[in-house]
Amino acid sequence: MESDVVYFYTLFFMILGSAFGVIFAPKMYLALISLFGLICFSGFLYLGLNARYMAVFQFILCGIFLTLYILILLKKIERLNLKLKLVSPFKIIISSGLVFSFGVMYCLFFNEEFENSLYSIFNFVIEKSTDKINFAMHIFPLHIVILLVIVTAVILRIFLEQQTVVQHNEEQK
Amino acid sequence: MDVIFNIGMLHYLVLSLLLFMTGLLGVLISRNMLRTVMSVFLMTISVVINFLTFGCYCDRSLENANTMCVFILIIAVVQAIIALVILYKIYRANEYLDAEKIKDKEN
């Protein structure tokens, strides 16, 4: 029981710390490290919710693939040491107020509606589906989707690079 | 004290809410567009936590929640990649990634 509490609160503060690191890290590479940390810690949180597949899936797809992609991009444009730039203090105060009011609205909504409707969303899903489908059957086509995503990203990248070269040549002329 | 030490659905939802708020704040206050993309990703992770929490605590429908979350994550990664490619193009054209500078230039 106590270990559950310690496990949860450790991850709670680690995740929030990493999230603040992503936004307020003074250098870009520190923000990227924070993002990687956040992905790992949230993966551990999923383990606490008995979602092992999601933890592994997120670590591979986001932790390795996406973080590496951003790292390569930052290295290519030589912006690993890019400094933190925020909007003006006035805008920060207004944005914080907006975010706070969003939080309050969420809590009010949760308090009013939770027991009536939201709690039964998953009941609804289960009641409507009469056939029992194996989880693996859902997941298998996703590997094809992932492959397609990677291929699309590569094609898009090559296409945009060519466009940039054409634009650059036209500007030189 | 009982509320603090009996870990349940509410705790995970509070974490999800705080993460979402942090992501939203990042989107609103950051001038660097790369950080904005990262902040959107934070919001996506908070949504995934929300789904998994409901899946775990509501009638053991974790498999449904897992399936939904896999789709959410794939879509999030796709949009992040497309956003990064567009940012790369913007960088090549302007030599900077500052949202306000780009907005000024367009005006």
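Because the structure is predicted, anything quoted here is derived from the model rather than measured. Order of the sequence lines fixes the chain letters, A, B, ..., with proteins taken first and strands second; residue numbering starts at 1 for each chain.
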Side chain to side chain, F41(B) and L38(A), heavy atoms closer than 4.5 Å: no
Any V85(B) side-chain heavy atom under 4.5 Å of Y69(A) side chain: yes
Hphob cluster co-occupancy, V27(B) + I92(A), side-chain heavy atoms under 4.5 angstrom: yes
Note, Y46(A) side chain near V48(B) side chain (heavy atom, < 4.5 Å): yes
pair L73(A)-L34(B): side-chain heavy atoms closer than 4.5 Å: yes
Joint hydrophobic cluster, F36(A) plus I72(A), side-chain heavy atoms closer than 4.5 Å: no
Which of L42(B), I86(B), T53(B) touches chain A most, by non-hydrogen pairs under 4.5 Å: L42(B)
Side chain proximity check, I23(A) to S30(B), heavy atoms < 4.5 angstrom: no
Shared hydrophobic cluster for V5(A) and F13(A) (ILVMFWY, side-chain gaps under 4.5 Å): yes
Step-by-step side-chain contact (heavy atoms from CB on, under 4.5 Å) determination, N32(B) to K83(A): CA-CA 9 Å; N32(B) 186 340; K83(A) 281 180 185 171; over 6 Å; no
Nearest-0.5 Å distance, CG of residue L49(A) to CE of residue M9(B): 11.0 Å
Portion of F20(B) that has a non-hydrogen atom of chain A nearer than 4.5 angstrom: side chain
From Y53(A) atom OH to N66(B) atom CG, the distance as rounded to the nearest 0.5 Å: 8.5 Å
Interface moiety of L74(A) toward chain B, non-hydrogen atoms closer than 4.5 Å: side chain
Closest approach of A25(A) to R35(B) (non-hydrogen atoms, all atoms of both residues): O-NH2, 2.7 Å
Common cluster, I81(B)/I90(B), ILVMFWY with side-chain heavy-atom separation under 4.5 Å: yes
Nearest non-hydrogen partners of R31(B) and L86(A), listed with the distance: CD-O, 3.1 Å
Top contributor to chain B interface from F12(A), F65(A), F100(A) [non-hydrogen pairs under 4.5 Å]: F12(A)
Max heavy-atom pair count under 4.5 Å with chain B, selected residue of K76(A), K85(A), M54(A): M54(A)
Sub-4.5 Å side-chain heavy-atom contact between L28(B) and K91(A): no
Same apolar cluster: F51(B) and L47(A), side chain cutoff 4.5 Å: yes
Interface moiety of L17(B) toward chain A, non-hydrogen atoms closer than 4.5 Å: side chain
Side chain proximity check, I15(A) to I45(B), heavy atoms < 4.5 angstrom: no
Under 4.5 Å from a heavy atom of chain B, the part of Y9(A) involved: side chain
Proximity breakdown for L11(A) and chain B, heavy-atom pairs closer than 4.5 Å: neither
Separation of L18(B) CG from F20(A) CZ (nearest 0.5 Å): 8.0 Å
Derivation and outcome, side-chain contact (heavy atoms from CB on, under 4.5 Å), residues L45(A) and L15(B): CA-CA 11 Å; L45(A) 193 81; L15(B) 171 64; 3.5 Å; yes
I74(B) and F57(A): CA distance, side-chain angles, deciding distance, side-chain contact (heavy atoms from CB on, under 4.5 Å) verdict: CA-CA 10 Å; I74(B) 289 174; F57(A) 185 76; 3.8 Å; yes
Among the listed options V78(B), V14(B), I49(B), the residue most often paired with chain A at heavy-atom distances under 4.5 Å: I49(B)
Greater than 12 external heavy atoms within 6.0 Å of Y7(A)'s OH: yes
Chain B interface, residue from S96(A), G48(A), A19(A) that has the most non-hydrogen pairs under 4.5 Å: A19(A)
Proximity breakdown for S42(A) and chain B, heavy-atom pairs closer than 4.5 Å: side chain
Flag side-chain contact, heavy atom, 4.5 Å: I29(B) against F24(A): yes
Engaged part of I72(B) at the chain A interface, taking heavy atoms whose separation is under 4.5 Å: neither
